[in-house]
Amino acid sequence: MISYREAIEIITAQSRLLEAETVSIENAIGRILTENILSPEVLPPFSNSAMDGFAYRQKDLDHSERWTLNIQGTLAAGDSFSPEAKTAFQGAWEIMTGAQVPSDCDCVIKVEETQRNGSQVTLLKRGSSGDNLREAGADFKVGDPIAVKGTRLLPEHLMAFAALGIPNIQVRKRPTVSILSTGSELAESPEKGSGKIRNSTAPYLVAELRALGAEPTFLGVVEDEPRIFIDHIKAQVEKGTDILLSTGAVSMGKYDFVASALRDLGAEIFFHKVAIRPGKPLIFARLGKTVFFGIPGNPVSTNVSLRFFIEPYLRASLGLPKETAKNFRIKTTIQKPEGLKCFFKAQSIFHEGQGEVSILAGQESFRIAPLLLANAWAILPEAGTEVSSGTLIEVLPLHSWTEKETL
């Protein structure tokens, strides 16, 4: 059995940086940029009105009785014209939200602040220069940074790309992950008294891996039959999948066959068992160009295995930096097993400027309910059997789907 630190060093050493590919922005959500994106143009592309109202020049009011101006015409959003060709000339343009503003107009007054009389409009108040104007380039100027290399793309990035006319971008290829569930106890619709349960971990793994930027495929359930398991593994290795992931059958029971099946396949097994809780029986191996993770089948063990072992491998493959934990004070004294690094479901908050974390009840690896209350993982060190109240411990968010997520 090896330490968590040793396991992570082995896992990241076995990773390989995936190649880049070009995708449309419609297919870019969650992908990792491999280039810096700079604005190719200004946004807004022209000065336009932020309100329905009247555009005019401030100085024209100095020569107008009762702030009354002649109406030169109407400008609607989408009207095509040269802004320089339309000027105020001691007049005002009726203008709609989003319409181009004539070049010499420096203010738009809201329609509710005016009184119209035929071809003239009287301003009920005098505005200030720049009122209700969206200046060209106020949002982005040419060369402004939009997103840097290594960014995980969010919907707001895609909005910016679309607004600036950037249709395609370079991103890291998605790592392919093939998922295989083992266990004769797994059934889609178990009958009462049958001794079978539903497969809860496969939907979770597919969803979480997809959110992390991978391309997961669920291969189905294999009963406790090593031969069928070996056939599936061979097929996926031949297919060239990047990562093979199986759940269950990794411990020391009579039907825990994964380790022996890997040896029969000639796999290079880097480790089997890590000094952690939950998830201790985890296996990491390689079969040719495919890496293999064999993880325990209990829901929380599966969750911890993905969050703290498979995700670091994915981050290295995608060119992302190692995730950095924050230090929070633990609110109450907690007991733990000696020699094991523990990953406990927790709730974190900021109180008087200091991060605090509470360990949730129900840390057993079969309990899903506490996960629904958690927003963080509390990471307890290997040494000792107790962590005292007020001790600073490492904390990570429950998920790391976005670069913006904070505790």
Side-chain angles (χ1 to χ4, degrees), residues 1-12 201 204 208 212 250-252 271-282 284 295-313 315 320-407:
M1 186 163 62
I2 66 174
S3 70
Y4 174 71
R5 180 184 59 79
E6 292 171 320
I8 291 301
E9 288 176 354
I10 292 169
I11 286 170
T12 53
T201 57
Y204 158 77
E208 186 79 2
L212 290 169
V250 291
S251 192
M252 301 298 293
F271 60 79
H272 182 192
K273 293 186 182 178
V274 186
I276 62 168
R277 177 172 290 182
K280 183 167 66 173
L282 186 143
F284 179 61
I295 64 179
N298 276 320
V300 183
S301 296
T302 297
N303 196 313
V304 166
S305 298
L306 178 53
R307 184 70 176 91
F308 293 98
F309 293 89
I310 300 170
E311 186 171 341
Y313 182 89
R315 292 182 74 91
L320 294 172
K322 178 182 176 181
E323 195 174 7
T324 302
K326 291 183 172 66
N327 291 319
F328 281 26
R329 294 196 184 280
I330 193 167
K331 290 188 70 174
T332 57
T333 298
I334 189 76
Q335 305 299 314
K336 62 168 290 294
E338 171 65 48
L340 298 183
K341 196 177 193 74
C342 295
F343 304 99
F344 284 174
K345 296 160 277 192
Q347 287 181 337
S348 64
I349 61 169
F350 278 95
H351 179 66
E352 297 181 351
Q354 172 66 57
E356 294 183 347
V357 62
S358 299
I359 308 299
L360 295 172
Q363 290 297 326
E364 298 94 334
S365 60
F366 74 91
R367 290 186 181 272
I368 298 172
L371 282 172
L372 304 180
L373 303 175
N375 69 346
W377 289 104
I379 306 170
L380 307 184
E382 289 92 339
T385 59
E386 180 180 279
V387 179
S388 300
S389 172
T391 301
L392 283 174
I393 64 168
E394 292 185 323
V395 176
L396 282 176
L398 199 65
H399 305 282
S400 64
W401 292 336
T402 77
E403 299 303 316
K404 291 183 177 180
E405 182 163 355
T406 58
L407 292 169

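The analysis underlying the following values was restricted to heavy atoms, covering all of them including side chains, and did not include hydrogens, waters or symmetry mates.
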Can you check whether [X] reaches [Y] side chain to side chain, under 4.5 Å on heavy atoms?
X: Leu282; Y: Ile276; answer: no
X: Ser301; Y: Ile295; answer: no
X: Glu311; Y: Arg315; answer: yes
X: Leu398; Y: Leu371; answer: yes
X: Ile393; Y: Leu380; answer: yes
X: Val357; Y: Glu394; answer: no
X: Arg277; Y: Lys336; answer: no
X: Val300; Y: Phe344; answer: no

Ignoring hydrogens and angles, tell me if any N or O in the side chain of [X] forms a donor-acceptor pair with the backbone of [Y] under 3.5 Å.
X: Gln363; Y: Lys345; answer: yes
X: Thr332; Y: Ser389; answer: no
X: Gln347; Y: Leu373; answer: yes
X: Lys341; Y: Val274; answer: no
X: Tyr4; Y: Phe308; answer: yes
X: Ser3; Y: Glu6; answer: yes
X: Arg329; Y: Glu356; answer: no
X: His399; Y: Leu212; answer: no
X: Thr302; Y: Pro296; answer: yes

Which heavy atom in [X] sits nearest to a heavy atom in [Y], and how many Å separate them?
X: Trp377; Y: Pro397; answer: CD1-O, 3.7 Å
X: Ile359; Y: Ala378; answer: CD1-CB, 3.3 Å
X: Thr201; Y: Gly297; answer: CG2-O, 3.6 Å

Checklist entry - What is the ring orientation for Phe343 with Phe309, classed by angle as parallel under 30°, tilted 30 to 60°, or perpendicular over 60°? => result perpendicular

Next on the checklist: Please determine whether a side-chain nitrogen of the Lys or Arg among Glu323 and Arg307 lies less than 4.0 Å from a carboxylate oxygen of the Asp or Glu.
Outcome noted: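 Yes, charged N to carboxylate O under 4.0 Å.
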
